A.B. asks: 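Structure incoming, see below.
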Amino acid sequence: MRADRLVSLVLLLRRHGRLSAARLARELEVSTRTVLRDIEALSAAGVPVYAERGRHGGFALLPGFQTELTGLNHDEALALLVAGSRRGAQVFGLGSALASAMLKVADALPEGHRDIAAGAARRLLIEPETDLLSRRAPAEEVPDAVAAEIRRAVFAGHRLRIRYAAVDQAPKWRTVDPIGLVTARGQGYLLAARSGEDRTYRLSRVLAAEELDEPAERPDDVDLDRAWQERSTRFRTGGDQVVVLVRMNPARRKELVDTALAVLAEESDEDGRLRLEVSFQDARHAVWALWQLGVSAEALAPEWLRASLRDRAVAIAARYET
DNA sequence: GTATGGGTAGGTGGATCCAT
DNA sequence: ATGGATCCACCTACCCATAC
């Protein structure tokens, strides 16, 4: 308890410069007497804290004194700020602990970089509640150089040229106004605007990226959580969704539900198997999800899905026959 | 017994006010 | 401009209470 308070005391002095014992006592929720004892302990431990007596006096640290409390480098501190900057108070009831940790992380950043880091943190969103697509796919690698270039443009507020390989299309260069970065279920996404229209790009499909000198056309502030939810909703309700009737082993229900967009109906057969009506983003998504379940599930409808799975199975069987 | 924390009292010293 | 009075904040030295 006391060690924790001593750390807090040093951080307070670092952040505010000079503080009176009374003010420190209020901040730390102890008596001034205890503050004086703590100051003495710090001094004995070699922390260069000194007292300015008289009116407007107080305690301060020698200029230039740097704590090495976290051992974090700039990027590590930024990563923690991003992770802790949203929904922090609800994190397993550890809101106050998180706030204290954030104070330490912010303190680890060099003077003048804190505002930049805070701005950068607002442009990153880690694992939001809603997903663009509930498909549980393996995390795809994004080359470091590409990711770093995109990140720089997002943070600096500069336009970005990306060579993007959209599904079933040849890669093309396009210039976008980056808004923020989101990760959901191991996938990274770039939220951007192109000619004023919202666009979402999957990072793993960005083959190359180039930060431009010109400023991006985007609002100064952004609520990434909300922006992501809006796009996610649009994505779910648009497109060529398909509805599939599945009969399956209940033990693998979760796998299917996790990958589907929504469960529309559900009932049990008399033999213990489940009958589910689920929706998928598109035909490819449905085929992929059912194929993953192998013989544990059978698509009863639509017929084209049964045909597609049958063709795949036949092709695989033919391959191994010889 | 030790660590921690609260309270009190008297002292010190810098800043400010104000009369001279 | 100067010096004394006053205010404010830290310094030091006690004592006591509580938890472990």
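Here is the naming used below: chain letters follow the sequence lines, and residue numbers restart at 1 for every chain. Keep in mind that what you see is a predicted model, and the values were worked out from it rather than measured.
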A.B. asks: In plain terms, say whether Glu210(A) and Arg163(A) are close enough for a salt bridge, that is, a side-chain N and a carboxylate O under 4.0 Å apart.
C.D. replies: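 No, Glu210(A) and Arg163(A) are not salt-bridged.
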A.B. asks: Taking NZ, NE, NH1 and NH2 as the nitrogens, is one of them in Arg218(A) or Asp177(A) under 4.0 Å from a carboxylate oxygen of the other?
C.D. replies: no
A.B. asks: Are the side chain of Asn249(A) and the backbone of Ala251(A) linked by a donor-acceptor contact shorter than 3.5 Å?
C.D. replies: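 Looks like yes, one N/O pair under 3.5 Å.
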A.B. asks: Would you mind reading off the distance between Leu19(A) atom CG and dC8(C) atom C1', rounded to a whole angstrom?
C.D. replies: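 These atoms are roughly 16 Å apart.
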A.B. asks: May I have the distance from Asp38(A) (atom CG) to dT4(B) (atom P), rounded to whole angstrom?
C.D. replies: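 The answer, rounded to whole Å, is 10 Å.
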A.B. asks: May I have the distance from Leu36(A) (atom CG) to dG6(B) (atom C1'), rounded to whole angstrom?
C.D. replies: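 Distance check: Leu36(A) CG to dG6(B) C1' gives 12 Å.
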A.B. asks: To the nearest Å, give me how far apart CG (Leu24(A)) and P (dG6(B)) are.
C.D. replies: 14 Å
